[in-house]
Amino acid sequence: MNSQNIINFKKKYKNFIVKFKTRKAYKLFLILIFALISYVILNPIILKSSYANIAKKEIYVTAHRGSSLYYPENTLKSIEVAINENADYVEIDVRTTKDNEVVLFHDSNLKKIDGSNRSIKDMTLEEVKTVDNGYYKNEIFKDEKIPTLEEVFTIFKGKTKFNIELKVIDKEDILPNQVSELIKKYNMNSDVVVSCFDKDIIKQYKVNNPNTKTGLITSNKVKDINDISSDFISLKYNLLTETLVHELHDCNKEIHVWTVNDKEKIINAINLGVDNIITDNASLVIEILNCKSLSIRD
């Protein structure tokens with residue numbers, strides 16, 4: 001091959017390489033464009049499909065202290081409204097009176113209700129029933145009473161499920177036993193879960209009534225899941241992680257999260273696969289779960 005032929009060959013080879021690279025780059029460009037278009041078109045569908053699959057998982061909604069945004073908490077009215085809003089559970093707080101009656105009330109005293117420091121534990125049921133438990137929220141709820149757990153069971157049995165939080169005073173408090181006996185009396189084991197911040201109280205309750213599903217409420221980081229004997233953990237939202245959800249599910253324990261009222265946090269909790277969302281705004285959570293009018297990603 002003479003020198004001219006070699007030069008011609010090199011030119012043809014260079015032209016071939018340039019064309020090949022150009023064609024390859026063009027093909028890559030087309031592939032990238034196609035991928036980008038596919039992502040834009042299909043991503044919302046994939047997100048909705050993924051979201052729908054998560055939503056199909058039984059994620060329950062618990063109305064915190066009943067429907068408590070606009071109604072006085074832990075009252076017959078707030079429970080009634082929560083049921084009408086289609087909440088799966090109504091969370092209620094219970095404590096005992098001086099004469100050992102179980103009533104619905106969150107705080108240890110009446111300061112939020114009427115500005116006094118009177119304690120529920122130091123009042124008889126008759127005295128408790130004189131308390132105006134609605135005016136503090138709105139004057140239209142004037143004369144709303146503090147209900148007993150027995151009243152609640154009598155009126156709402158079969159209409160909803162309850163998450164009963166035990167507000168114990170000390171280890172000697174008879175509240176867990178009282179609640180257990182009422183649950184047995186009204187045959188409510190399949191319609192309630194019992195929860196408490198104190199894991200020893202939960203253990204004590206479980207001895208008396210092993211048929212009730214129980215939960216440990218915590219606002220602290222969960223260190224040892226194996227040390228938790230309850231059926232579920234009720235966790236403060238800011239401690240929620242995907243890893244913890246997986247670890248709890250691997251141990252056949254549920255995870256409930258509280259108190260979630262913000263749309264983005266609700267969606268995040270759903271996407272992480274929690275089992276129950278405790279909220280002051282049950283209607284919003286249900287609307288998001290049903291994917292009716294709110295977008296999945298904003």
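Here the structure is a predicted model, which is why all the values come from computation and not from measurement.
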Report the C-alpha distance between Phe156 and Leu76 in whole Å, list the side-chain angles of each, state the deciding distance to 0.1 Å, and finish with yes or no for side-chain contact (heavy atoms from CB on, under 4.5 Å).
CA-CA 9 Å; Phe156 298 110; Leu76 297 179; 3.8 Å; yes

List the residues meeting side chain to side chain contact (heavy atoms under 4.5 Å, CB included) with [X], not counting sequence neighbours, and say none if there are none.
X: Asn84; value: Glu80
X: Leu69; value: Asp280, Asn281
X: Thr160; value: Ile83, Val90, Phe162
X: Asp122; value: Ser119

Do [X] and [Y] meet the criterion of a side-chain donor-acceptor pair at a distance under 3.5 Å?
X: Thr214; Y: Tyr205; answer: no
X: Lys121; Y: Thr96; answer: yes
X: Tyr237; Y: Asn268; answer: yes

Heavy-atom donor-acceptor pair, [X] side chain to [Y] backbone, under 3.5 Å:
X: Lys253; Y: Ser230; answer: yes
X: Lys167; Y: Leu175; answer: no
X: Lys206; Y: Ser229; answer: no
X: Asp132; Y: Gly134; answer: yes
X: Thr62; Y: His64; answer: no
X: Gln178; Y: Asn100; answer: yes
X: Asp275; Y: Ile59; answer: no
X: Glu91; Y: Arg65; answer: yes
X: Asp88; Y: Val61; answer: yes
X: Lys157; Y: Asn187; answer: yes

Is any side-chain heavy atom of [Y] closer than 4.5 Å to one of [X]?
X: Thr279; Y: Asn261; result: yes
X: Phe232; Y: Leu248; result: no
X: Asn276; Y: Glu254; result: no

When clusters are formed by joining ILVMFWY residues with side-chain heavy atoms under 4.5 Å apart, either directly or through shared neighbours, do [X] and [Y] land in the same one?
X: Tyr89; Y: Ile92; value: no
X: Tyr70; Y: Val260; value: no
X: Val81; Y: Val152; value: no
X: Ile164; Y: Val168; value: yes
X: Leu239; Y: Ile228; value: yes

Name all residues meeting the side-chain hydrogen bond (donor to acceptor under 3.5 Å, both in side chains) criterion together with [X]; count only those two or more places apart in sequence or in a different chain, and write none if there are none.
X: Asn133; result: none
X: Thr259; result: none
X: Lys129; result: Glu151
X: Lys185; result: Glu150

If you look at every heavy atom in [X] and [Y], which pair is closest and at what distance?
X: Asp198; Y: Leu216; answer: C-CD1, 4.1 Å
X: Ile202; Y: Gly215; answer: CD1-O, 3.5 Å
X: Leu240; Y: Ile255; answer: CD1-CD1, 3.8 Å
X: Ile225; Y: Cys251; answer: CG2-SG, 3.8 Å
X: Lys137; Y: Pro72; answer: CG-N, 3.8 Å
X: Glu85; Y: Ala282; answer: OE1-CB, 4.0 Å

Decide side-chain contact (heavy atoms from CB on, under 4.5 Å) for Asp93 and Leu104; before the verdict, give the C-alpha distance in whole Å, the side-chain angles of both, and the deciding distance to 0.1 Å.
CA-CA 5 Å; Asp93 306 283; Leu104 275 62; over 6 Å; no

Rounded to the nearest 0.5 Å, how far does [atom2] of [Y] lie from [atom1] of [X]?
X: Glu165; Y: Cys196; atom1: CD; atom2: SG; result: 7.0 Å
X: Arg95; Y: Ile169; atom1: CZ; atom2: CD1; result: 5.0 Å
X: Ile155; Y: Ile79; atom1: CD1; atom2: CD1; result: 8.0 Å
X: Leu289; Y: Ile270; atom1: CG; atom2: CD1; result: 4.0 Å
X: Lys263; Y: Ile267; atom1: NZ; atom2: CD1; result: 5.5 Å
X: Leu244; Y: Leu272; atom1: CG; atom2: CG; result: 10.0 Å

Give the other cluster members for Ile217, using side-chain heavy-atom distances under 4.5 Å between Ile, Leu, Val, Met, Phe, Trp and Tyr residues; answer none if it is isolated.
Phe197, Trp258, Ile278

The remaining residues in the hydrophobic cluster of Leu110, counting side-chain heavy-atom contacts under 4.5 Å among Ile, Leu, Val, Met, Phe, Trp and Tyr, are Val103, Phe105, Ile113, Ile120, Met123, Leu125, Val128, Val131, Tyr136, Ile146

Residue Lys112 excluded, over 12 heavy atoms near NZ under 6.0 Å:
yes

Can you tell me if Lys98 has over 12 outside heavy atoms packed within less than 6.0 Å of its NZ?
no

Which is it for Thr218 and Lys236 under the side-chain contact (heavy atoms from CB on, under 4.5 Å) test, yes or no, and what are the steps along the way?
CA-CA 7 Å; Thr218 182; Lys236 192 172 183 180; over 6 Å; no

Salt-bridged, Glu127 to Arg118, with N to O below 4.0 Å?
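Here Glu127 does not pair with Arg118 in a salt bridge, since their nearest N and O are not under 4.0 Å apart.
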
Parallel under 30°, tilted from 30 to 60°, perpendicular over 60°: which one fits the rings of Tyr71 and Phe141?
tilted

List for me each residue that meets salt bridge (Lys or Arg N to Asp or Glu O under 4.0 Å) alongside Asp200, sequence neighbours excluded, and say none if there are none.
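Result, salt bridge (Lys or Arg N to Asp or Glu O under 4.0 Å) vs Asp200: Lys171.
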
Contacts of Glu181 that satisfy salt bridge (Lys or Arg N to Asp or Glu O under 4.0 Å) - sequence neighbours left out
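Expected list: Lys184.
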
